[in-house]
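Single-structure report; data block below.
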Protein chains: 2
Amino acid sequence: MDQAVTPPILYEWAGRKSAQPIDPALEALVRDIIGKIADKWTMLIIETLDAHGTLRFTELGHKVGDISQKMLTKTLRQMEADGLVTRTVHPVVPPHVDYALTDLGRGLGAAFCSVWTWAEAHYDDIEQSRAAFAARQGAV
Amino acid sequence: MDQAVTPPILYEWAGRKSAQPIDPALEALVRDIIGKIADKWTMLIIETLDAHGTLRFTELGHKVGDISQKMLTKTLRQMEADGLVTRTVHPVVPPHVDYALTDLGRGLGAAFCSVWTWAEAHYDDIEQSRAAFAARQGAV
DNA sequence: CTGGATCCGGTTTGATACTG
DNA sequence: CAGTATCAAACCGGATCCAG
C-alpha cells in the first residue's frame with residue numbers, strides 16, 4: 001500500500017528534473033534516511049538476507065564477505081533499530097541468534113534491486129572508465 | 001536502453017529468493033561495485049546533479065547540504081573515475097569547473113530512484129521503529 | 001575569487017583477544 | 001556461537017593555505 005498510493009512528489013525526478021516544487025522539508029527528511037541507509041554494509045546485508053533468508057550471526061558474516069564482527073554487529077543493530085531486520089535470540093546453550101528481513105527490509109531490498117541490476121549491467125563500463133581515468137592520471 | 005535489455009540474471013531475487021544459480025563470480029563482481037558506489041555522498045550528489053543538471057563545485061556543495069569540500073572533492077573524483085560524472089574545467093580568470101552526470105551516472109540515478117521513492121514512502125515507519133527500539137533499550 | 005590540497009583533531013573502522 | 005573490549009590505523013571534517 002505504498003508504491004501506488006504514494007503522492008507523486010518526486011516522480012518527475014525519476015526521468016529528468018523539471019526544476020520544481022518538491023516539498024523541501026520532505027526532501028530533507030528523505031535525504032536524511034538515504035544518508036543513513038545508503039551504506040555499503042547495509043546494502044550487502046540486505047541483499048544477503050534477501051537471497052538466503054534467515055541466517056545466524058556468523059553465517060551471515062561469512063556470506064556477506066569481508067565484514068568484521070564489529071561492523072556486522074553495529075550495522076545489524078542499526079538495521080534492527082530502523083525496523084529492517086528482526087533479531088531473534090534462542091536461549092539455548094550455544095547461543096543461537098537468527099537475523100531475518102522484516103517486510104520493511106524486504107521492501108528496501110526490492111528497491112535496491114534496480115541498483116543491483118544496474119551494477120550488473122554496467123560493471124564493465126565502470127571498469128573501463130576506471131582504467132581510462134587511471135591512464136589519464138598516470139599520463140600527467 | 002538498459003532496464004529492458006538486461007539479461008534476467010538476478011530477477012528472481014527481486015521478488016523473493018528462490019535459492020538459486022545466480023553466477024557467483026558475477027555476484028562477487030557486482031557486490032564489489034555496490035560496495036564502492038553505495039556511499040552516502042555519492043547518492044546525494046547523484047540526486048543533486050540529476051535534479052539540478054550541471055553545477056559548479058561550490059554550488060553543488062551548497063545544494064548537497066552538509067558536505068565538506070574535502071569529501072565533495074574526494075567523492076567527485078571517485079565518481080569521475082567511475083565514469084559517473086564529467087568534470088569540465090573552463091580556464092578562465094575566476095576558475096570555473098562544471099560537474100554533470102554522464103549517461104552512466106544518470107542511469108544509476110534512475111535506478112536509485114526506487115530507493116528514494118521507498119524512503120519517501122517509509123520514513124515514518126522507520127522513525128516509528130526507531131522510537132520503539134529506543135524505548136525497548138531504555139526500558140532494559 | 002574559486003577549486004582543491006594540506007595539516008590537525010575527533011570519530012569510525014578493523015584485527016585480535018576475551019567473556020558468557 | 002554471539003558478542004564485547006581494546007588498541008592501532010584509516011578516515012572525516014574544519015580551518016588554513018596555495019594555484020590560477
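Chain letters run A, B, ... following the sequence lines, proteins first and then strands; every chain starts at 1. Model, not experiment: these values are computed from the prediction.
Not one side-chain nitrogen or oxygen of B:W41 sits closer than 4.0 Å to the OP1 or OP2 atom of D:dC11. Phosphate proximity of C:dT12 to A:K74: absent, as no side-chain N or O sits under 4.0 Å from OP1 or OP2.
For the pair B:D39 CG and C:dT13 P, the computed distance is 12 Å after rounding to whole Å. Rounded to whole Å, the distance from NZ on A:K40 to P on D:dC11 is 11 Å. As a whole-Å value, the separation of A:L72 CG from C:dT13 C1' is 14 Å. The distance between atom NZ of A:K36 and atom C1' of C:dT12, rounded to the nearest whole Å, is 16 Å. Rounded to whole Å, the distance from CD on B:E80 to P on C:dG3 is 14 Å. B:H90 has its NE2 atom 19 Å from the P atom of D:dG20, to the nearest Å.
Note on residues 68-78 of chain A: pairs passing side chain to side chain donor-acceptor pair (under 3.5 Å), not counting sequence neighbours, are A:Q78-A:D82.
Every residue was checked against the side chain to side chain donor-acceptor pair (under 3.5 Å) condition with B:E80, not counting sequence neighbours, and none meets it. Scanning for side chain to side chain contact (heavy atoms under 4.5 Å, CB included) contacts around B:A100 gives B:T54, B:T86, with sequence neighbours left out. Residues passing the side chain to side chain donor-acceptor pair (under 3.5 Å) test with B:S129, sequence neighbours excluded: none.
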| request: Any chance you could list the contact pattern along nucleotides 2-10 of chain D? Use B for base contacts, S for sugar-phosphate-only contacts and - for none, protein heavy atoms under 4.0 Å, 5' to 3'. | output: SSS-BB---

Got a list of side-chain donor-acceptor pairs under 3.5 Å for residues 56-65 of chain A, not counting sequence neighbours?
{"residue": "A:R56", "atom": "NH1", "partner": "A:H96", "partner atom": "ND1", "Å": "3.2"}
{"residue": "A:R56", "atom": "NH2", "partner": "A:P95", "partner atom": "O", "Å": "3.3"}

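Annotation for A:A119 and B:I34: closest pair CB-CD1, 4.0 Å, computed over non-hydrogen atoms.
Each of B:P94 and A:S68 has a nearest nucleotide on DNA chain C; the 5'-most of these lies closest to B:P94.
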